[in-house]
*Asks:* 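Have a look at the structure that comes next, please.
Every number for a ligand or one of its atoms is a count from 1 in the order of the listing.
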Amino acid sequence: MRVLVLTIFPELVAALWSHGMVRRAVEQRAVSAQALNIRDFAPDRHHVTDDRPYGGGCGMVMKPEPLAAALRHAQETAPGARTILMSPQGRRFDQAIARELSGLPGLILVCGRYEGVDDRLIGGLIDEELSIGDYVLTGGELAAMTVVDAV
Ligand code: 58G
């Protein structure tokens, strides 16, 4: 299975497959795991990844262009993969879903930061939203790592 995690903190997520059983799975080629830095897909000179929300509102959201470019790249790299956004509003992740996901050719896990992700992006490039539980984290990374570890 091919796992791609889209994040602005790739080194944080990569710690998961640097140790233990997940590392063993990668070494034995049962899993290929890669963290892609969304910042690398930002077209501007300063590689900005945050943006003011479309249509107004408080706080900042993920800038849609870098995230969309990273998603398109990931979907070309891992054909047939399911694209999942980690979100407190998603379907509750459990062992049955872990089993279901383990049968897929690939997983693309999107980690939001700030106050969230543009709704237009969720409609277009995301297959589903998953939540690891009823609490809000500062980013989707811990949730994505939980899903990868269980799968
Ligand atoms: C809408 C709103 C979309 C997962 C916020 C995305 C992620 C908890 C979980 C976001 C998360 C969970 C912003 C920060 C989601 C982003 C991220 N919090 N319970 N936080 O699985």
*Asks:* Identify the protein heavy atom lying closest to atom 18 (N) of ligand 1, giving its residue, its atom name and the separation to 0.1 Å.
*Replies:*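 Going atom by atom, the protein heavy atom closest to atom 18 (N) of ligand 1 ends up being Leu137 N, 2.9 Å.
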*Asks:* So for Phe93, does at least one of its heavy atoms come nearer than 4.0 angstrom to any atom of ligand 1?
*Replies:*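 Distance cut 4.0 Å: Phe93 fails for ligand 1.
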*Asks:* Between Arg113 and Ile38, is any pair of side-chain heavy atoms under 4.5 Å apart?
*Replies:*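 They are not in contact (no side-chain heavy atoms under 4.5 Å apart), so the answer is no.
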*Asks:* Short N/O distance, under 3.5 Å, between Gly133 and ligand 1?
*Replies:*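 Indeed, backbone or side chain, Gly133 has an N or O that close.
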*Asks:* Give the minimum heavy-atom separation between His47 and Arg39, together with the two atoms involved.
*Replies:*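 Scanning both residues, the minimum pair turns out to be O-NH1, 3.0 Å.
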*Asks:* How far apart are the closest heavy atoms of Leu6 and Ala74, and which atoms are they?
*Replies:*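 What the structure gives for the nearest pair is CD1-CB, 4.0 Å.
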*Asks:* Of all the non-hydrogen atoms in the protein, which one sits nearest to atom 6 (C) of ligand 1, and at what distance?
*Replies:*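 So the nearest neighbour among protein heavy atoms is Gly116 CA, 3.7 Å.
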*Asks:* May I ask you to test the Val22-Val31 pair for a side-chain heavy-atom distance under 4.5 Å?
*Replies:*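 The answer is no; the side chains never approach within 4.5 Å.
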*Asks:* Please list, in number order, the atoms of ligand 1 under 4.0 Å from a heavy atom of Tyr114.
*Replies:*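 Selected atoms, number and element: 13 (C).
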*Asks:* For atom 7 (C) of ligand 1, what's the nearest protein heavy-atom neighbour? Residue, atom name and distance, please.
*Replies:*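 Checked against all protein heavy atoms, atom 7 (C) of ligand 1 sits closest to Met86 O, 3.6 Å.
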*Asks:* Counting heavy atoms only, which of Pro88, Ser131, Gly140, Gly90 is nearest atom 9 (C) of ligand 1?
*Replies:*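 Closest candidate by heavy-atom distance is Pro88.
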*Asks:* Give a yes/no on ligand 1: does Met62 have at least one heavy atom closer than 4.0 angstrom to it?
*Replies:*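 Distance cut 4.0 Å: Met62 fails for ligand 1.
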*Asks:* Is there a side-chain contact (heavy atoms from CB on, under 4.5 Å) between Ile84 and Leu101 once you walk through the steps?
*Replies:* CA-CA 11 Å; Ile84 296 168; Leu101 298 183; 4.0 Å; yes
*Asks:* So which atom in Pro88 and which in Tyr135 form the shortest heavy-atom distance, rounded to 0.1 Å?
*Replies:*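 Heavy atoms of Pro88 and Tyr135 come nearest at CB-O, 3.9 Å.
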*Asks:* Between Gln75 and Leu125 (side chain of the first, backbone of the second, donor and acceptor by atom type, cut-off under 3.5 Å), is there such a pair?
*Replies:*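 Yes, the answer is positive, given that a donor and an acceptor are paired below the 3.5 Å cut-off.
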*Asks:* To the nearest 0.1 Å, how far is atom 8 (C) of ligand 1 from its closest protein heavy atom, and which atom is that?
*Replies:*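 Here the nearest protein heavy atom works out to Tyr135 O, 3.2 Å.
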*Asks:* What are the atoms of ligand 1, with element, lying closer than 4.0 Å to any heavy atom of Gly112?
*Replies:*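 Reading through ligand 1 atom by atom, the close ones are 14 (C), 17 (C).
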*Asks:* What residue and heavy atom of the protein are closest to atom 21 (O) of ligand 1, and at what distance?
*Replies:*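 Atom 21 (O) of ligand 1 sits closest to the protein heavy atom Ile132 N, 2.8 Å.
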*Asks:* For Glu129, which part has a heavy atom under 4.0 Å from ligand 1: side chain, backbone, both, or neither?
*Replies:*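 Neither part.
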*Asks:* Check whether Arg23 reaches the backbone of Ser18 with its side chain - one donor and one acceptor, N or O, closer than 3.5 Å.
*Replies:*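 Yes: the side chain of Arg23 pairs with the backbone of Ser18.
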*Asks:* Please indicate whether any nitrogen or oxygen in Leu85 is less than 3.5 Å from any nitrogen or oxygen in ligand 1.
*Replies:*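 No, since none of the N or O atoms of Leu85 sits under 3.5 Å from an N or O of ligand 1.
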*Asks:* Just verifying a value: how many Å separate Leu130 CG and Leu109 CG, rounded to the nearest 0.5 Å?
*Replies:*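 The CG atom of Leu130 sits 8.0 Å away from the CG atom of Leu109.
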